[in-house]
Amino acid sequence: MELEQALPKYFGYTTFRPGQKEVIEAILQEKDVIALLPTGMGKSLCYQLSGYILQKPVLIVSPLLSLMQDQVEELKRFGEKRVVALNSFLTITEKRYALHFLEQYRFIFTSPEMLLQPQVQEKLSQIKLGLIVVDEAHCISQWGFDFRPDYLRIGQWFSQVSRPPVLALSATATEKVVKDISKTLSLNNPFEFMYDVDRPNIHLGRVTFEDKADKAQWILQHIKKTAGPGILYLSSRKRAEQYCEVLIQAGIRTAAYHAGYGAEDRQFIQQQFIDGELDWIVATNAFGMGINKPDIRQIIHETMPANVENYMQEIGRAGRDGQPAIAILLYSEGDEELAKFVVTGDLPTSGHVERYQELLNQRLQPSQMLKNGELSETAFRVLNFWLQQESVEQVKARLNQLALEKYRAVDEMKKINQTKDCIRAQLVGYFGQKLQKKPENCCENCGIHYDEINKVRLEEERKIEMIPWESRLKQLLMGN
DNA sequence: CGTACGGATGCTAGCATCCGTACGGTGCGCTAGT
């Protein structure tokens with residue numbers, strides 16, 4: 001079937017968005033594909049349409065349970081019932097059922113961890129998949145090496161089995177991350193589609209403080225007098241909670257969000273924000289992946305993220321509706337030190353590597369290092385992964401190298417923040433692209449008119465004024 | 001690695017300095033114990 005006929009048949013659209021056609025054509029020619037498309041540009045259509053044309057199950061590896069649930073719901077809303085999220089939300093019975101009938105699903109979502117379970121692997125070896133999708137594929141590079149090693153194991157599995165084409169999807173990846181993806185997934189000369197990383201409607205602000213203490217004042221004043229919805233990113237859970245409290249006292253509808261809260265609370269807060277019941281989310285980097293709220297107007301970073309990729313991901317959540325939005329990066333001297341500590345703080349040390357191996361040599365359980373608090377859960381798993389395949393010396397060298405790379409990444413972030421040239425050009429350059437066109441409201445160094453944002457806010461307020469009285473009354477009665 | 005904060009000390013009554021301590025992100029799946 002021709003692609004142009006398939007699109008209206010399955011989705012009702014008449015034209016493709018940039019990249020979709022190229023990506024799907026490559027998949028249908030059984031090529032591996034790495035596609036960098038901005039969120040909201042119809043990434044999921046690439047594998048959905050391919051699945052329908054191929055008439056075979058599509059396996060989607062997703063980093064977050066909540067993301068899987070969202071996508072499953074979306075497909076079901078769309079009328080597709082042959083969808084399953086194979087993850088720990090399922091009871092034993094449900095899981096057994098899903099596995100037994102796995103080939104009858106059209107779209108199978110799962111996590112790297114679940115994918116590697118022997119029973120899942122065994123079932124997958126018996127069925128014929130049409131396509132494997134690795135969603136948010138930058139996670140391989142960002143998390144695989146020191147946080148979720150199972151991201152590297154799926155690559156090892158790919159290289160051992162005969163498999164259908166693999167489609168790796170991401171919104172932001174540097175040349176190095178693309179290389180990491182291609183290498184760890186053992187992709188075979190992949191077709192690469194790169195969309196512009198620049199987001200011209202997001203103005204790039206920067207404010208530098210001599211005195212750290214002035215930051216808090218600035219943030220409070222700024223949020224009071226400008227428009228939400230917005231996300232304020234902090235680099236610690238505690239500070240997120242503190243800022244949240246201050247903003248609530250100032251009468252701003254705010255909630256804090258970090259990984260210390262339970263899944264239900266997090267779900268609830270996220271939903272309130274999406275529904276417009278909260279204006280600001282004060283969060284660690286736990287917040288954001290999979291958030292599809294079109295009208296986020298501001299992203300403020302109280303301290304710089306640990307790398308430029310994270311920065312791009314985080315500011316990229318603003319202005320998905322195409323309306324003006326602003327990202328402001330605050331800086332005071334020494335901010336990079338906290339970032340450096342945080343990204344390397346949980347890496348196993350040389351001492352840990354030696355002790356782990358020593359316990360193995362003595363035929364003792366290395367997990368005792370977990371129980372006595374010597375190692376964190378994460379560090380333990382990372383050590384376990386690397387020592388399975390490399391010598392003590394190699395692992396030590398690898399971990400040192402990893403720490404150095406992480407330091408370098410922080411320095412790159414600082415460099416872009418401190419540049420005297422166009423911040424946007426630097427940012428785009430970091431992703432190996434050249435800035436095509438400077439928007440009118442570009443960045444701090446080119447000059448920004450901050451009041452653009454307030455214009456949007458005024459229009460929003462006017463819209464609220466125009467809600468007819470019946471629905472206002474209903475809102476009041478419903479307690480909204 | 002750097003900062004914030006509390007308490008003790010030091011030299012002369014309230015304030016400066018010093019020292020020790022605590023704190024710092026991201027998620028999956030599974031299990032034991034409430």
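Naming: A, B, ... by sequence-line order, numbering from 1 per chain. Source: prediction; values computed, not measured.
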Indicate, with a heavy-atom threshold strictly under 4.0 Å, whether A/R239 touches base, sugar-phosphate, or nothing.
nothing
If pairing means Watson-Crick or G-U wobble with both distances under 3.5 Å, then the partner of B/dA13 is none
Using the C1' atom as the reference point in each nucleotide, state the distance between B/dA16 and B/dT12 in Å, no decimals.
12 Å
Using only heavy-atom distances, determine whether the side chains of A/H138 and A/S141 contain a donor-acceptor pair under 3.5 Å.
no
Whether the A/Q365 and A/K371 side chains hold a donor-acceptor pair (N or O, under 3.5 Å, no angle test) is what I'd like checked.
no
Looking only at atom C1', what distance separates B/dT21 and B/dG27, rounded to whole Å?
30 Å
Between B/dC30 and B/dT34 - P atom distance, rounded Å:
23 Å
Between B/dT17 and B/dC11, how far apart are the two P atoms, rounded to whole Å?
13 Å
Which part of the nucleic acid, if any, lies within reach of A/T378 when heavy atoms closer than 4.0 Å are counted: base, sugar-phosphate only, or nothing?
base
Establish, from distance only, whether the side-chain atoms of A/E314 and A/N310 form a donor-acceptor pair under 3.5 Å.
no
Strictly by modelled atom types, are A/E74 and A/Q48 linked by a side-chain donor-acceptor pair under 3.5 Å?
no
Give me the one residue out of A/W143, A/Y151, A/F145 that meets ring pair (Phe, Tyr, Trp, His ring centres under 6.0 Å) with A/F147.
A/W143
State whether the aromatic ring of A/F341 stacks on the base of B/dG24, taking stacking to mean ring centres under 5.5 Å apart and ring planes under 30° to each other.
yes
Under 3.5 Å for both donor-acceptor distances, Watson-Crick or wobble: does B/dC30 have a partner, and if so which one?
none
Is A/R237 close enough to B/dT26 that one of its side-chain N or O atoms is under 4.0 Å from OP1 or OP2 there?
yes
For B/dG25, which nucleotide is its Watson-Crick or G-U wobble mate, given both distances must be under 3.5 Å?
none
Pairing of A/K293 and A/D295 as salt bridge, 4.0 angstrom limit:
yes
Counter-base of B/dG20, judged by Watson-Crick or G-U geometry with both distances under 3.5 Å:
B/dC5
Under a 4.0 Å threshold between the charged nitrogen and the carboxylate oxygen, would A/E412 count as salt-bridged to A/K415?
yes
In whole Å, what separates the C1' atom of B/dG14 from that of B/dG10?
12 Å
Among B/dG24, B/dT26, B/dC28, the one nearest A/R148 by side-chain distance:
B/dC28
If we require ring centres under 5.5 Å and near-parallel planes under 30°, does A/W143 stack on B/dT26?
no
When all nucleic acid strands are considered with a 4.0 Å heavy-atom cut-off, which category describes A/N87: base, sugar-phosphate, or nothing?
sugar-phosphate
Could you check whether A/Q298 and A/T226, counting side-chain N and O atoms only, form a donor-acceptor pair closer than 3.5 Å?
yes
Expected list for residues 111-125 of chain A near DNA chain B, using heavy atoms below 4.0 Å, is A/S111, A/E113, A/M114, A/Q117
Mind telling me if B/dA13 is syn or anti? Syn here is a glycosidic angle within 90° of 0.
syn
Residue A/H258, side-chain atoms from C-beta onward, closest of B/dG29, B/dT26, B/dG24:
B/dT26
Determine the contact category for A/R381: base if any of its heavy atoms lies under 4.0 Å from a base atom, sugar-phosphate if only primed atoms, P, OP1 or OP2 are that close, otherwise nothing.
base
